[in-house]
Number of protein chains: 4
Amino acid sequence: MLARMSSTPTFKRLPRAVREQQMLDAAVKVFSRRGYHAASMDEIAEDAGISKPMVYAYLGTKETLFIACLHREGTRMMEAIVGAVSAELPPDEQLRRGLRAFFGFVGAHRDGWTVLYRQARSEQPFAGELADMRTRVVEVVATLLRRNLPVPAEGSREVRETDLEVMAYALVGATESLADWLSDHPSEDPERLATRLMNATWPWHPPSK
Amino acid sequence: MLARMSSTPTFKRLPRAVREQQMLDAAVKVFSRRGYHAASMDEIAEDAGISKPMVYAYLGTKETLFIACLHREGTRMMEAIVGAVSAELPPDEQLRRGLRAFFGFVGAHRDGWTVLYRQARSEQPFAGELADMRTRVVEVVATLLRRNLPVPAEGSREVRETDLEVMAYALVGATESLADWLSDHPSEDPERLATRLMNATWPWHPPSK
Amino acid sequence: MLARMSSTPTFKRLPRAVREQQMLDAAVKVFSRRGYHAASMDEIAEDAGISKPMVYAYLGTKETLFIACLHREGTRMMEAIVGAVSAELPPDEQLRRGLRAFFGFVGAHRDGWTVLYRQARSEQPFAGELADMRTRVVEVVATLLRRNLPVPAEGSREVRETDLEVMAYALVGATESLADWLSDHPSEDPERLATRLMNATWPWHPPSK
Amino acid sequence: MLARMSSTPTFKRLPRAVREQQMLDAAVKVFSRRGYHAASMDEIAEDAGISKPMVYAYLGTKETLFIACLHREGTRMMEAIVGAVSAELPPDEQLRRGLRAFFGFVGAHRDGWTVLYRQARSEQPFAGELADMRTRVVEVVATLLRRNLPVPAEGSREVRETDLEVMAYALVGATESLADWLSDHPSEDPERLATRLMNATWPWHPPSK
DNA sequence: GATGAATGAGCGTTCATTCAT
DNA sequence: CATGAATGAACGCTCATTCAT
């Protein structure tokens, strides 16, 4: 029904949403490969099979383009994790599954999220954007941790809120670091890595798997 | 105040070694503030109170200049840590003091090492340099960890080498992450942070301080 | 005079091919006037009435730009000579006409080929390019010379191949030198110069013209 | 009397003339190897084992330094040729010996005169200097040629002065060209080359050697 | 809607040249 | 006499960004 009968192959003009995804694909690829500054709009446009002014028309400047990449990839990662964690599970199982999902995602998108994230962290203009994302992650993790602590033995020192935040930060940092480790050990299994981290950090839980 | 207006005009024809340090100071400052790419050799030279050709004459290109910064700051950090850890101390005390020294150093040089390190991680040309430093740190930490594990209860599962490496990586990542957290919470005490991390990660040890 | 004030403003958004020629014109002019090193890309761009990035976009770096100049001018010269020489003519007439065409070309493009050629000879990066052109010319000349020798009298010493190559080189060198002489004597007639060289070098042929 | 009795080895300070020759040696070497523009005063000073300000104190700017090189090498070449030619010899023998001496000199100083000369020809600032040298050479050659022509047969066309100048230029150009050819054929004997050029250009003379 | 043509601005780098010691 | 220290001035090159078609 959309089929025009005109002589020229009218379907070349893709709808806007599709074009935007193509551009973001190309941008993620190039930003990851070259780094934010070394990436050139020319290469991104060429890789997307589109002319440069189109990129500007759809996604704005280089900076907004990068932010768009960041959001898309960040959201995808979040969804992967959230999709793996059900609120009905016991807290430690939530943690375990969340870690698995994260390592799995990073392993499957080796040139995506991790690299963009690292780029963003080192460039001032994106500090704000990143702080937001990170905060959201830390909050989720902190919540999980709170429900996941060993029952404080008798009157021993109790864990306070700031400690929780510190632990959450530490866990996130540890996880990022292991994501890098994973990059250097491609033969390792993301699943096993999640288990290892769990066992190492919460030795009071029964080993999983 | 004291002895201002000294005998020489103090502002010109300084010996090479002095100028090199001035340049490195300026470079560290500008690289931290702007990021590697956004930093301009002009600004670095101006900040060092010297003309650009001098920078090139003494420290070479922008890339070698950055590496020189990295080495100087990295070495300073390493020395701060090594100076705080004595081999005679029990392993867990070594770890504790090493962490304290690290956080203390990061806290005292807020715009130095951490930022440079982050920069370097996100630029390919410096990946190699950094990987070396990181590997050395991980090895040291892994050694400490090996001597620092809880005595494996009877026949329970034993910790293998790979687990150790993973733990070391995790600990280093957690520490780096907390170094960032420290940058965002300038009012926090580096000493306390080290304690918190120890308590959170090795709850089976008696709390320190 | 004729059809000035044509329909289009004439000064912007020209198609690539046109702009490339404008750039090459400007480049030849500036390279000739200043020499390869002293010529600045700024001046070339300005002279072409275009911004510098366009020059880089179309013709590449300074080196490739110079080579492009060399090729264009060299090709034009070759065509001028080839167009003047018919294979049906007797060999000595071919030589005579070739010389005339060469001197005519040099005389008509005083600041073009000769100067570029001299520049190229003195810069290592272009040694290869030029050696090729020169070799081709020498081969052609050697062939002509071979067919153009006086019939060796009875048993007199015969001319060997190496001698031919040497003669060809000598003739080409002599011709180049005279092209310079022509630059210093603008009032001289290129036609007469060719005749003079012929008469001086092959006195056994009947004088032409 | 100049001998100071001081404690330091006073004789390290070489007399000015010696130092100048060292500098010129270095300059000739570097100019030949790199070309006029690519040669740096730094490299020349270093190669001469002397500091840069000394070079400026003794030989002035880069331009005057190059001219000094040109003069020294040009004079050496002239002396080599003049030393080989005696006014008592028959004209054609003078020519023959002059060519031999020239090719011999060029062959022995492969990186000296020829390269400097070529450099100078392609840079405006040295046009004047070179024109002078060349004129002197051409005049000598023209004189030799005048005495060296075949006795004009009966009433045939006579050779005029301009023809002589043209011939001299042609011969000089041919010779330069063959000097290049010699560079590409290091196994060839400069002596034989002189003979070949003579035989080719003045076939009416009895072959020499 | 889509693009080839075009540029302002800036950066890393080098070099001839000169003080101050 | 001799030099290490220092710089002004350019230059080649690139890039994000925008017109005009």
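Residue numbering restarts at 1 for every chain, and letters A, B, ... go by the order of the sequence lines.
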**Student:** Could you state the atom-to-atom distance from CD of C/E46 to C1' of E/dG8 in whole Å?
**Tutor:**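 Value for this atom pair: 15 Å.
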**Student:** Does A/R19 put a side-chain nitrogen or oxygen below 4.0 Å from OP1 or OP2 of E/dA2?
**Tutor:**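 The answer is yes; a side-chain N or O of A/R19 sits under 4.0 Å from OP1 or OP2.
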**Student:** On DNA chain E, check which nucleotide each of B/G60 and D/E63 is closest to and give me the residue with the more 5' one.
**Tutor:**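 Taking each residue's closest nucleotide, the earlier one in sequence belongs to B/G60.
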**Student:** More 5' along DNA chain E: C/I50 or B/P53, using each one's nearest nucleotide?
**Tutor:**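 By nearest-heavy-atom nucleotide position, the 5'-most residue is C/I50.
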**Student:** Phosphate oxygens OP1/OP2 of E/dT14: is one of them under 4.0 Å from a side-chain N or O of B/Y56?
**Tutor:**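 No, because none of the side-chain N or O atoms of B/Y56 sits under 4.0 Å from OP1 or OP2 of E/dT14.
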**Student:** Taking atom P of E/dG1 as reference, at what distance in whole Å does atom CE of A/M23 sit?
**Tutor:**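 Rounding to the nearest Å, CE of A/M23 and P of E/dG1 are 12 Å apart.
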**Student:** Respond yes when some side-chain nitrogen or oxygen of B/Y58 is under 4.0 Å from OP1 or OP2 of F/dG4, and no when none is.
**Tutor:**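 No.
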**Student:** Take atom CG of B/L14 and atom P of F/dT7, then tell me their distance rounded to the nearest Å.
**Tutor:**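 The distance from CG of B/L14 to P of F/dT7 comes to 10 Å, rounded to the nearest Å.
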**Student:** Within this structure, what is the CZ-to-P distance between C/R34 and F/dG12, rounded to whole angstrom?
**Tutor:**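 Going from C/R34 (CZ) to F/dG12 (P), I get 12 Å.
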**Student:** Considering only F/dA20, E/dC15, F/dG12, which nucleotide approaches the side chain of C/K62 most closely?
**Tutor:**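 Nearest to the side chain of C/K62 among the choices is F/dG12.
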**Student:** How close or far is atom C1' of E/dC11 from atom CG of B/L65, stated in whole angstroms?
**Tutor:**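 Spelled out: CG on B/L65 to C1' on E/dC11 is 15 Å.
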**Student:** Can you tell me the distance, in whole Å, between the NE2 atom of B/H37 and the C1' atom of E/dG10?
**Tutor:**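 Whole-Å distance recorded here is 14 Å.
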**Student:** Heavy-atom count check: over 12 atoms from other residues, nucleotides or ligands less than 6.0 Å from D/R118 CZ?
**Tutor:**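 Yes.
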**Student:** In terms of side-chain heavy atoms of A/T61, which of E/dT7, E/dG12, F/dT17 is nearest?
**Tutor:**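 Nearest listed nucleotide: F/dT17.
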**Student:** Taking Watson-Crick and G-U wobble pairs with both distances under 3.5 Å, convert DNA chain F into its dot-bracket string, 5' to 3', dots for unpaired and | for cross-strand pairs.
**Tutor:** .||||||||||||||||||||
**Student:** On DNA chain F, does the nearest nucleotide to B/A17 precede the nearest nucleotide to C/D42 from the 5' side, or the other way round? Give the residue.
**Tutor:**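 Its nearest nucleotide being more 5', the pick is B/A17.
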**Student:** Within a strict 4.5 Å, meaning less than it, do heavy atoms of the C/Q119 and C/F126 side chains meet?
**Tutor:**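 The answer is no, as the side chains (C-beta and beyond) never meet within the 4.5 Å cut-off.
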**Student:** Under 3.5 Å, side chain of D/K62 to main-chain N/O of D/A39, donor-acceptor pair present?
**Tutor:**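 Yes.
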**Student:** Quick check: do C/L65 and C/F31 have side-chain heavy atoms less than 4.5 Å from each other?
**Tutor:**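 Yes - at least one pair of side-chain heavy atoms lies under 4.5 Å apart.
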**Student:** How long is the line joining CZ of C/R13 and P of E/dT3, in whole Å?
**Tutor:**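 Taking CZ of C/R13 and P of E/dT3, I get 15 Å after rounding.
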**Student:** So, are A/D47 and A/R33 salt-bridged, with charged N and O less than 4.0 Å apart?
**Tutor:**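 Between A/R33 and A/D47 there is no salt bridge, as every charged N stays at least 4.0 Å from the carboxylate O atoms.
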**Student:** Under the 6.0 Å and 45° cation-pi test, does D/R19 pair with D/Y58?
**Tutor:**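 The answer is no, since D/R19 fails at least one limit relative to D/Y58.
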**Student:** Applying side-chain hydrogen bond (donor to acceptor under 3.5 Å, both in side chains), run through D/R72 and D/Q21 and close with a yes or a no.
**Tutor:** CA-CA 10 Å; D/R72 195 185 70 168; D/Q21 290 308 312; 2.6 Å; yes
**Student:** Scan A/A38 against the nucleic acid and name what it touches under 4.0 Å (heavy atoms): base, sugar-phosphate only, or nothing.
**Tutor:**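 Answer is nothing: A/A38 stays at 4.0 Å or more from every strand.
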**Student:** If you assign C/K52 and B/K52 each to the DNA chain F nucleotide with the nearest heavy atom, which residue ends up on the more 5' nucleotide?
**Tutor:**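 Taking each residue's closest nucleotide, the earlier one in sequence belongs to B/K52.
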**Student:** Can you measure D/M41 atom CE to F/dT3 atom C1' for me and round it to whole angstrom units?
**Tutor:**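 Those two atoms, CE and C1', are 15 Å apart.
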**Student:** Should we count CD of C/E46 as having more than 12 external heavy atoms under 6.0 Å?
**Tutor:**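 Counting neighbours around CD of C/E46, 12 or fewer heavy atoms of other residues, nucleotides or ligands fall under 6.0 Å, so no.
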**Student:** Heavy atoms from C-beta onward define the side chain here; which of E/dG12, E/dT7, E/dT3 lies closest to that of A/M54?
**Tutor:**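 That would be E/dT3.
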**Student:** Taking only side-chain N and O atoms of D/R16, does any of them lie within less than 4.0 angstrom of OP1 or OP2 on F/dC1?
**Tutor:**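 For D/R16, the contact criterion (side-chain N or O under 4.0 Å from OP1 or OP2 of F/dC1) is not met.
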